[in-house]
Amino acid sequence: MRFDTIIIGGGLSGLVSAIECARAGQKTAVVSAGQSALHFWSGSFELLGQAGGETVIDRPLDSLDTLPENHPYRRIGSERLRTLLSKVPGMLSDAGLKSAGSLDRNHLRLTPLGFLKPAWLTLGDYVAFEAGKPLPWKKVALVNIYSYLDFYPRFLAYGLEKRGVECKMAAVNIPDLDTLRKSTTEMRATNMSRFLTDSAVDRLAAEVNKVAKGMDAVIMPAVLGIYSDAPVECLRKGVDVPVWFVPTTPASVPGVRCQLSLRDLFIRLGGEFLPGDIVKGGEFEKNRLRRVYTVNLGDMPLEGDNFIISTGSFFGHGLIADIERIYEPVFGLDLNVKGGRTEWYRKDFYAPQPYMEYGVTTDKEFRPSRKGETIENLYATGALLAGFNALKEGSGAGITLATALHVASRITG
Amino acid sequence: MMTLQQQNISDNNFESCIKCTICTVYCPVTAVNPDYPGPKQAGPDGERYRLKKPLFYDEALKYCLNCKRCEVACPNDVRIGDIIQSARIKYGRHRPSLRDSMLADTDTVGTMASAFAPIVNFTLGLKPVKLIMDAVLGIDDHRTFPKYSSLKFETWFRKNAAPSQDKFKRHVAYFHGCYVNYNYPQLGMDFVKVFNAVGIGVRLLDKEKCCGVAKIANRCVKDATRDAEINLRSIREAVGNGCDVMLTSSTCCFTIRDEYSHVLKLDNKDVRDHVSLATRELYRLVDEGKVKLVFRKDFHKRVAYHVPCHMEKLGWGIYSTTLMKMIPGLDLVRLDPHCCGIAGTYGFKKEYYNYSQAIGEPLFRQILSEKLDSVATDCETCKWQIEMSTGLPVENPISLIARALDVEATMKANGVE
C-alpha cells in the first residue's frame, strides 16, 4: 500500500505531523503501537520552564541560548519556533479543544500536588494563573468525588493556602456513581467520566452547589468530558460559581480527550490511522527507506515517499534499554548513548540523569542515520530525539510539537 | 542464547503490564457494567493472584466480550483478552449450560435448522416462542434470530459452482463459516462471483467445521479444539495444494489465525499466513496489478463502514475500506471505532442483553444520524446487531463489491472466458 508520508507512532508528535501532512493533501498513514503517553497528560503544554537553573516566565523563546547548541530548539531557531508553535492553538481548536496561553509569557499551572509550574498552553477548563500576580481568589472549595482516591485536596490546599487562598475541602456524591464503586479498583477518572454525562451532570452540579456557596471558585478533579466538552459546559452552567479542573492520576481525562480529538481530526482530513500495529522494520535502497513492514499487515508493506518516526523515548518504547545496551528497535538508528550501563545514570535520583538526554542523533533537518549514513527520507521527531532533558527543562511538549511541525512543513514543502 | 528474562516471559506477555490502566479506558463493558472488574483487574492484575491460588478466580470475568479492544490499546503488547479468556477456561467453575452449549454448537444447530428452515424461521419469530426461550433457556426475547436458509451454501456450491471452477488456472480455498452455510449463502455466492470474475477459481475445504469462536466464548473447549484440529488439517491440505484459504468473516479469520494458538494452544504457525480475508487478498491482487475490477456506472449508494472489533485487532479494516473506495458510485462514511455490543453469542443471553445494547448505543446513534442506504461490515454478528438495532440493511464489503461489479467487463478485463 502506497502513501506519500508514513508516520510511525500515534502519540502527540506523530498525530500533529500527520495532521499537517494530511491537511496539505498528502496521502498519510499513522501506525500506532498501542495508546500513547498522551494518556498521562496534565492538560498543559510546556515550552520552556527552566533555563540556566532559573524559572522562565517572560519571553521563553529568548532564553534558548542557555540551552546546549545541539538542542532541538536551537536547531530550529527562535524565529521559526514562533511561526511553527503559533499554529498549535488553531490546530487544537480544529480538533475541538479550547486552550489558552502565550508564546511571550508563561503562565502557571496548578499541579495535582499543589505546585505552580510554568506552562505555555493550558486547556480552557484547567487551573492556570497569570505569573507574578496574586492569585485571583480569596476562598475556593476543593471538591472531590466521594471515595475517589486519585485526587489530593490536602496537597492542593497546602499549595494554595501558602499563597493566601482560603481552602475548603469537600467530597460530593451522586447515586449514578454508586454502581461504579462496586469494583473498588475501577473508581478512576476515565471510568467516572463515562458515567458523568447528561442528567448525571445536573445531579452533580446540584451537589457541588451545596458546598460552593460563598466561594470564589470550585476546583475539581478532571473526571468529566472524556469524549466532548458537553458535560463540562453543563456542569459549569449548573454550578453557581466558576468551576476549574486539576489533572488526576492517569489515565488522564484531558489526555484521552486530546488523543481521540487529534486522531479524529486526522481521520476527518482523510488520513489512515492503524491502531494496535507495530512496525517491525524496513527496506532501504541506497540511503532511502522504501517500505516498512508491520506485525498486522504481514507481507504487505507500507510504501512511502517520506517517513517520520515518532515512537517516543524509553516509556513509548522508542528506545529500549536492556542489560548491555540501549537501542532504537525499529531501524537500529544511531544514538548519542555513551559508555556502558554505569554511565547511563547518576546515583542521585534528582540529579539530571544522562539517560534522559539519550535519543536518536540527526542532521539539521532532523534526519537520523544508520551506521553513520543519513537516511534521506526518514525524519525523527519528539521524545525520540537526542540532546535534551525534558523533565529538567520543562520542554517536552514544546519540543514534541515544534519538531513535528518543523518536519511536516519540510515534507509538505 | 535466550537471556534469563526471555526465558521467563509468559505466552501472553503478562509480565509486561506496567499497570497504566489505559486498557480500561477502551473497554466497552466497563462503560456500562460496573460489575465487570475491567480488563486490567480481570487480566494481568487478577492473573498474579490466580497463579498463586485458583480460588482468586472471579466469576465476573464472564462479562468480558473478548473484543480485544484492550489489546489494541495496550502500549506494552500485553495480550489482556487472551489472559482473560484463558483464565475463564482454566478456572471457570460452572459447566456450560444447555443454552450455552446450544448457542455454541453452530454446526449441529445449523444443520438441523437448515433442514426445517421455513418452520424454524417462522417459529423463532413468534412472540410466545421467544418468551418461552427467554424464560426456559435465558435467550433474550428482544433478540431477533438470524434467519436460517433451507439451501446450505455447500449444497449450492457443489451443484452450481464447483463444476465450473476447474477452468481457472489459480484457485483459493474458501472457508465459508457457519453463517454463510446455514444462514446467508448469498455472501458465499457473492464471494464466488467476485473471485471468478477476476479469474480465480474457488474450492471448498475437504472438511470444514465451525471456526470455534462461539465454543471458546462458551468454554466448550474440548469441542472447539476437536473442530479446530479438523479445520487445521483441511487448511494444511489446501495450502499444500497451493490454495490459500480465504474468509469473508473477520471473526472466523481472527479465530483461526490467533485464537487457535493463543487460547486453544494449537500450533498453526505453518499455515497462519495462508489464512486471510477475501478483502485483503482482493486488495493485494488489485494493488499488484494482477487483477482489475470494473464497476457499474449505475451503482449509487451511501454506505457507512463499521470496523468489527476482531477486524480492528487484525488491523485489516484498511483493506475493506480501500476496496470500497474504489467503487465510483459509493459514498463511504467512516464510523467511529466502537463495539456494536453483540460479541457473537453474548448478546443473545438474557443476562447480557441490556449491556449488549448499551454498549452499541453510541454506534447505533451515529449510524442513525447519517443519511445512509446501508452499513457495511465484515462480521456477521455485527450485521445482526446493527440491523436489529438501527433497521438499516448491513452488507459484507464483498457483497457490496459483487453488487457494484460490472461482471462481464471485469471478466473481459481479466481475460476470463
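In what follows, every chain begins at residue 1, and chains take the letters A, B, ... in the order their sequences are listed.
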Decide side-chain contact (heavy atoms from CB on, under 4.5 Å) for A:N296 and B:L314; before the verdict, give the C-alpha distance in whole Å, the side-chain angles of both, and the deciding distance to 0.1 Å. CA-CA 6 Å; A:N296 285 343; B:L314 280 169; over 6 Å; no
Does A:F40 form a side-chain contact (heavy atoms from CB on, under 4.5 Å) with B:I22? I'd like the steps, not just the answer. CA-CA 9 Å; A:F40 295 69; B:I22 285 176; 3.9 Å; yes
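Proximity to chain A (any heavy atom under 4.5 Å) is restricted, for B:K40, to the side chain, taken from C-beta onward. Contacts between B:D273 and chain A at a heavy-atom distance below 4.5 Å are absent for every atom of the residue. With a 4.5 Å cut-off on non-hydrogen atoms, B:N76 touches chain A through its backbone and its side chain both. Using a 4.5 Å cut-off between heavy atoms, B:C20 touches chain A through backbone and side chain atoms alike.
Residues forming a salt bridge (Lys or Arg N to Asp or Glu O under 4.0 Å) with A:D4 (at least two apart in sequence, or on another chain): none.
When B:A60, B:G38, B:P37 are compared by the number of non-hydrogen pairs under 4.5 Å with chain A, B:P37 comes out ahead. Comparing B:V25, B:T322, B:T30, B:D35 by heavy-atom pairs within less than 4.5 Å of chain A, the highest count is held by B:V25.
Closest approach of A:L297 to B:Y319, counting heavy atoms only: CD2-OH, 3.3 Å.
Comment: B:R284 engages A:D299 in a salt bridge, judged by a side-chain N to carboxylate O separation of less than 4.0 angstrom. Remark: A:R2 does not engage B:E288 in a salt bridge, criterion side-chain N to carboxylate O under 4.0 Å.
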